[in-house]
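As the structure lists them, so they are numbered: ligands from 1, and atoms in each ligand from 1.
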Amino acid sequence: MLHDYFGRPLNSLRIQVNASCNFKCFFCHMEGTDENAVTLTPEEIERVIEVAARNGVNRIKFTGGEPLMRKDLEDIIARTRRHIDGDISLTTNAYFLKERVKGLRDSGLNRINISMHSIREDKFVEITKVKALDVVEEGIDAALDAGLHPVKVNFVVLKGVNEDQVEEMIDFTARKGAMLQLIEYETDRKGENSENYKKYHYDLRIIEEKLAKRAKSVEYNSLHNRKRIHLQSLTGHWGTVEFVRPQRNADFCNHCTRLRVTSKGEFQTCLNRGDQLFAFRGKDDAGVLDMFREAVYARVPYWREADEGSY
Ligand code: SAM
């Protein structure tokens with residue numbers, strides 16, 4: 001396994017299989033890329049995974065755009081399973097999930113993240129521009145029925161939009177046996193000056209500290225050292241909440257063990273580093289490995305202790 005110059009092991013890839021989406025969330029970072037129609041073929045994705053797996057990667061997350069807009073995602077996952085015996089997961093808006101979840105599982109997917117940023121229809125539409133809350137809820141049920149575990153529900157906390165829904169979301173996920181993932185609205189240094197960020201960014205530390213007081217137990221996800229707590233919802237159901245709190249958080253970056261792969265066929269060192277791209281498309285195994293190594297050794301934690309404090 002490779003380690004970067006900061007001693008961080010590289011054991012995980014976050015692979016963007018496409019860069020277009022049927023939802024239009026106003027805060028979306030598009031995984032640090034632009035919307036475009038370029039996609040790697042299943043064979044190209046398999047090659048990059050095979051090379052990475054031979055060099056210590058054992059955890060794959062597929063993302064987009066919206067990954068389920070690809071008809072060949074099952075094929076991509078089956079090819080991934082040939083090389084990875086660890087976690088293969090997917091983040092999706094679940095719009096196309098219900099009909100495909102069993103096929104995805106049978107191809108080798110073992111867990112899933114489903115984005116649901118509101119439990120109320122009006123806010124759901126305000127955020128995504130699509131009237132589909134019921135479809136997403138059906139997708140969550142279908143993923144649970146298919147036995148994917150855990151099913152994580154991604155909820156980006158947005159000031160003045162959905163911050164008041166956190167308790168309802170804890171109860172909703174706890175009742176179903178899903179895990180709630182509360183995510184801070186994140187951006188890079190420049191993005192912190194944008195109107196959207198200034199208006200909607202909510203300091204997740206406030207919620208994390210408040211909920212931690214109710215925790216029966218606490219553990220940490222090795223990726224990003226994310227805190228995960230077990231607690232009772234306000235109606236008495238036991239549930240789990242994980243906090244994804246990257247903004248100006250040096251600890252988060254110090255525990256980052258992943259490299260990104262863009263839909264265009266580049267390794268990207270960090271969500272916030274669109275300037276650090278290592279293109280591998282068209283290269284043979286040795287060429288892909290060269291780019292992989294270069295990308296790993298170029299990795300630098302984006303947020304450092306000096307960035308912390310109030311924001
Ligand atoms: N379309 C898929 C989905 O909805 O899950 C995959 C792509 S989406 C970019 C992956 C995750 O990133 C989603 O949970 C989304 O809410 C989250 N996300 C997007 N922009 C974000 C931002 N600025 N800050 C924090 N999370 C964000």
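Around ligand 1, the residues contributing at least one heavy atom under 4.0 Å from the ligand are R14, F27, C28, H29, E31, T63, G64, G65, E66, T91, T92, N93, S115, H117, N154, V156, I183, E184, Y185, E186.
Taking the six-membered ring for Trp and thresholds of 30 and 60 degrees, Y5 and Y297 have ring planes inclined between 30 and 60 degrees apart. Below 30°, between 30° and 60°, or above 60°: for F23 and F124 the angle between ring planes is above 60°, a perpendicular geometry. Classification of the H201-Y185 ring pair by plane angle, with boundaries at 30° and 60°, yields tilted.
The 12-atom threshold is exceeded at NZ of K24, counting heavy atoms of other residues, nucleotides or ligands nearer than 6.0 Å.
For E184 and R245, the salt-bridge test fails: no basic side-chain N is under 4.0 Å from an acidic carboxylate O.
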Please lay out, stage by stage, how E74 and R100 fare under the test side chain to side chain contact (heavy atoms under 4.5 Å, CB included). CA-CA 9 Å; E74 291 79 354; R100 289 176 66 183; 2.8 Å; yes

